[in-house]
Number of protein chains: 2
Amino acid sequence: MSKKTTIYDIAKALNITAATVSRALNNNPRISADTKKMVLETAAELNYKPNRLAMALKSGKSKNVGVVVPYINRSFFSNVIHGIEEELNPMGYNVIICQTHEDAKKEADVLQNLLNAQVDGILISASRQTKGTEHYNQILRKNVPLIFFDRKLNVRGANSVTLDDYEGAYQATQHLIDQGCTKIAHFTVDRYLEIYENRFHGYKQALKDNNIAFDENYIVTLESDIEAGKDAAKKLMELPTPPDAIFSASDPGALGAIQYLKGIGLQIPKDFCVVGFSNEPFTQFMELTISTVDQSPLLMGKTAAKVFLEQMGANNVKIEKQMVLAPSLKIRKSSSRLDPSS
Amino acid sequence: MSKKTTIYDIAKALNITAATVSRALNNNPRISADTKKMVLETAAELNYKPNRLAMALKSGKSKNVGVVVPYINRSFFSNVIHGIEEELNPMGYNVIICQTHEDAKKEADVLQNLLNAQVDGILISASRQTKGTEHYNQILRKNVPLIFFDRKLNVRGANSVTLDDYEGAYQATQHLIDQGCTKIAHFTVDRYLEIYENRFHGYKQALKDNNIAFDENYIVTLESDIEAGKDAAKKLMELPTPPDAIFSASDPGALGAIQYLKGIGLQIPKDFCVVGFSNEPFTQFMELTISTVDQSPLLMGKTAAKVFLEQMGANNVKIEKQMVLAPSLKIRKSSSRLDPSS
DNA sequence: TTGTAGGCGTTATCAG
DNA sequence: CTGATAACGCCTACAA
């Protein structure tokens with residue numbers, strides 16, 4: 001029972017040839033109903049399962065796609081992956097997941113590895129350290145579809161599915177202004193990445209549209225973690241004119257800030273308002289729930305997957321699609337002065 | 001540049017045969033240093049990359065392993081996967097991740113799918129609905145190593161890496177008793193699964209060892225989510241003799257209970273102590289940090305991966321290993337009457 | 001409708 | 001040390 005049964009075993013059992021078995025199994029019209037039935041029956045009896053490796057080698061299609069993310073254990077990314085799988089598994093694709101740990105070298109490695117594994121496509125959210133685009137061109141040169149999601153780089157021939165980060169940041173900032181905040185600081189992460197750059201611009205534009213002067217001192221660049229958020233908030237509060245609100249491009253940054261501000265006796269949202277970005281689960285679990293911008297990761301994953309499927313469907317026609325999803329501001333306690341409902 | 005270069009291309013370029021090229025590439029001793037050098041050089045020039053599919057078909061080893069979990073977007077599981085990848089990627093394995101959504105049928109499907117994809121092994125945390133073990137036997141019959149982690153079922157020939165849930169529960173309960181609690185309730189999830197059954201027994205034994213009577217009314221079975229936790233806490237507090245502590249087998253359950261208890265005016269930990277299980281990230285982010293039992297998911301993943309590698313190393317020798325990891329109680333505010341630090 | 005033969009890219013077993 | 005050949009499991013012209 002250890003040896004796997006092949007189409008040859010079926011052929012032998014029926015005194016026919018493997019080619020005929022293959023046709024029966026593939027709904028090839030050039031076969032009689034009788035033999036087809038017999039083949040199907042004995043295939044079931046012998047518990048035949050096709051060897052995907054052989055099919056892949058023959059067809060040049062592995063039915064595997066690579067998904068590359070900085071970290072798998074981040075709510076946003078694992079939910080995007082969830083969306084990708086939901087769309088791709090029913091179409092017979094398996095998903096190979098790789099992490100870059102925000103390391104450009106590691107990213108190049110896993111991409112090469114995926115290429116060697118003959119994946120049919122690659123969906124990727126670029127690592128923060130990635131600067132060049134040569135790895136990506138190499139993928140496209142091999143005619144492997146490349147789809148960026150969330151963190152894109154500008155690569156000709158690649159598709160992308162991103163959030164309208166500008167709009168999300170604009171809404172978040174406008175919301176803070178609507179709450180009566182006038183000295184709004186901004187936490188950014190890495191403006192080399194479009195997503196953070198766009199959030200910065202959305203923030204800036206909202207200030208401008210409300211005739212609030214932009215103050216460079218209110219911009220802090222920090223890692224996306226709680227400790228960094230605390231430090232950054234401390235730094236801001238030591239300014240001659242400390243801010244009265246923070247729009248953070250990351251949720252952990254927002255949480256750290258909140259913890260620090262409460263620690264020095266400020267009341268949120270009465271004295272100070274905070275809005276984050278990403279809608280990480282913990283933002284809802286806190287007693288003081290945190291306002292944030294939802295990125296609909298599930299939808300992003302599904303959309304990226306659909307773009308890939310289109311690409312596969314289009315015979316040799318190169319599609320170059322840039323999709324942008326709408327953000328959704330979640331107003332919660334950390335910024336709700338006017339309407340204090342959850 | 002679209003066509004991939006094969007060993008034949010290298011052979012042609014050097015006027016030698018593909019077999020020789022193969023030997024050069026594989027550190028086969030039966031080859032001259034000269035030709036080897038030339039092959040390596042032109043391989044680099046032509047940008048040759050081995051086709052893993054072909055190697056897989058030839059060798060019968062795909063260098064892929066399947067990892068099956070209920071949900072990928074749960075901190076515990078995504079960290080286990082993280083650990084698995086960290087161990088397996090350096091050994092040249094790719095990880096194919098599948099989700100069951102706690103659905104036994106889906107689980108059977110993905111397992112079959114992984115088998116068809118010729119994975120070299122399967123690491124799995126069983127879905128809650130899975131009752132039979134026939135799918136698993138089928139895997140073992142094909143000589144594909146099967147390693148359970150966390151949620152195991154008893155299958156002969158399979159390996160497992162689990163947490164000492166009994167011990168974790170015992171420690172948690174003993175800790176509550178040490179805080180002066182005497183009427184300790186228990187939230188369980190699904191006692192068909194060993195992990196929950198063991199947590200239940202650990203809880204029970206700790207009571208017994210402290211001469212506290214076991215009360216069936218204090219046992220509530222609920223889904224692992226916040227709303228269910230609230231409902232369950234409500235139910236408990238409506239008992240003639242409500243409890244003064246809860247040991248919850250899940251963190252969301254503990255959080256829901258805390259939210260309900262605070263809602264009715266109880267002070268935690270002064271009036272009521274709560275301990276959860278899993279050390280989900282949010283348990284540390286709350287203002288009222290939640291005591292919980294850490295399952296060291298990263299270590300669990302690495303350990304499961306190592307068991308797999310051992311299995312692959314052992315030539316035809318069947319190993320059947322049951323590894324048990326030690327739990328680690330994290331004492332936080334939700335149960336710290338005596339030492340109010342952290 | 002079915003059989004034959006060749007090939008996908010690689011490696012292993014023979015000879016030479 | 002190197003070359004020829006077969007094989008892994010499947011598919012597909014082409015021929016019968």
Side-chain angles (χ1 to χ4, degrees), chain A residues 2-40 42-43 46-64 92 115-120 142-144, chain B residues 2-40 42-43 46-64 92 115-120 142-144:
Chain A
S2 144
K3 268 274 152 275
K4 326 198 167 174
T5 80
T6 75
I7 54 172
Y8 277 89
D9 299 323
I10 301 177
K12 215 166 289 171
L14 292 172
N15 259 324
I16 56 179
T17 177
T20 308
V21 175
S22 173
R23 281 187 279 259
L25 260 22
N26 291 294
N27 288 324
N28 190 313
R30 315 167 110 248
I31 195 167
S32 78
D34 279 1
T35 36
K36 184 167 178 176
K37 184 154 168 278
M38 306 203 63
V39 168
L40 259 31
T42 50
L46 298 181
N47 193 29
Y48 167 78
K49 306 291 174 197
N51 183 330
R52 285 187 47 176
L53 288 180
M55 298 175 64
L57 179 58
K58 179 68 188 156
S59 68
K61 301 276 153 221
S62 68
K63 282 285 184 176
N64 283 148
L115 246 23
N116 297 167
Q118 314 295 127
V119 292
D120 294 343
K142 299 215 178 192
N143 282 320
V144 174
Chain B
S2 144
K3 268 275 151 275
K4 327 197 165 175
T5 80
T6 74
I7 54 173
Y8 276 90
D9 299 324
I10 302 176
K12 216 166 289 171
L14 292 173
N15 260 326
I16 56 179
T17 179
T20 308
V21 175
S22 174
R23 280 187 282 257
L25 260 21
N26 291 295
N27 289 324
N28 190 312
R30 313 166 112 251
I31 193 166
S32 78
D34 279 0
T35 36
K36 182 167 178 175
K37 183 154 168 280
M38 307 203 62
V39 168
L40 259 31
T42 51
L46 298 180
N47 192 28
Y48 166 78
K49 306 292 174 194
N51 182 329
R52 284 186 49 177
L53 288 179
M55 297 174 63
L57 179 59
K58 182 70 184 141
S59 68
K61 302 277 154 221
S62 68
K63 282 285 185 175
N64 284 148
L115 247 23
N116 297 167
Q118 314 297 124
V119 292
D120 295 344
K142 300 215 177 190
N143 282 321
V144 174

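These values consider heavy atoms only, across backbone and side chains, with no hydrogens, waters or symmetry-generated copies. Below, chain A is the first sequence line, B the second, and so on; all start at residue 1.
B:Arg52 is listed as a side-chain neighbour of B:Asn64, based on a closest heavy-atom distance under 4.5 Å. Between B:Pro50 and B:Leu25, the closest side-chain pair of non-hydrogen atoms is not below 4.5 Å.
Once rounded to the nearest 0.5 Å, the distance linking CG of A:Asn26 with CD1 of A:Ile7 reads 9.0 Å. In this structure, A:Gln118 CD and B:Lys49 NZ are separated by 12.5 Å, a value rounded to the nearest 0.5 Å.
Here chain B contacts DNA chain C (any atom closer than 4.0 Å to a heavy atom, that is under 4.0 Å), and the contacts span C:dG9 to C:dA15 from 5' to 3'. Put simply, chain B comes within 4.0 Å of DNA chain D, heavy atom to any atom, from D:dC1 to D:dG9, going 5' to 3'.
Mapping A:Ala33 and A:Ala19 onto DNA chain C by nearest heavy atom places A:Ala33 at the nucleotide closer to the 5' end. Residue-to-nucleotide proximity on DNA chain D shows that, of B:Thr17 and B:Ser59, the 5′-proximal contact is made by B:Thr17.
Qualifying side chain to side chain donor-acceptor pair (under 3.5 Å) partners for A:Thr6, counting only residues two or more places apart in sequence or in other chains: none. Every salt bridge (charged side-chain N to carboxylate O under 4.0 Å, His left out) that B:Lys37 has, sequence neighbours left out, goes to B:Glu41. Judged as a side chain to side chain donor-acceptor pair (under 3.5 Å), and not counting sequence neighbours, A:Asn51 has no contacts. With sequence neighbours left out, the side chain to side chain donor-acceptor pair (under 3.5 Å) criterion links A:Thr42 to no other residue. When the side chain to side chain donor-acceptor pair (under 3.5 Å) test is applied to B:Lys63, no partner is found at least two apart in sequence or on another chain. Partners of B:Lys61 according to the side chain to side chain contact (heavy atoms under 4.5 Å, CB included) rule, which considers only residues two or more places apart in sequence or in another chain, are B:Ser59, B:Asp120, B:Met312.
Here B:Ile31 lies in heavy-atom contact (under 4.0 Å) with sugar-phosphate atoms only.
Sorted by first and then second residue, the salt bridge (Lys or Arg N to Asp or Glu O under 4.0 Å) pairs with a member in residues 11-31 of chain A form an empty list; sequence neighbours excluded.
Listed by residue number, B:Asn51, B:Ala54, B:Met55, B:Lys58 are the residues of residues 51-58 of chain B with a heavy-atom contact under 4.0 Å to DNA chain C. Contacts of residues 21-30 of chain B with DNA chain D (heavy atom under 4.0 Å): B:Arg23, B:Arg30.
Annotation for A:Asp9 and A:Lys4: closest pair OD2-O, 3.8 Å, computed over non-hydrogen atoms.
In the helix from C:dT1-D:dA16 to C:dG16-D:dC1, the rotation axis of the first five pairs and that of the last five pairs differ in direction by 50°, rounded to 10 degrees.
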Practice item. Could you please spell out the steps behind the side-chain hydrogen bond (donor to acceptor under 3.5 Å, both in side chains) verdict for B:Lys36 and B:Asn28? Key: CA-CA 10 Å; B:Lys36 182 167 178 175; B:Asn28 190 312; over 6 Å; no
Exercise for review: Run the numbers on B:Asn47 and B:Thr5 for side chain to side chain contact (heavy atoms under 4.5 Å, CB included), then give the verdict.
Suggested key: CA-CA 7 Å; B:Asn47 192 28; B:Thr5 80; 5.7 Å; no
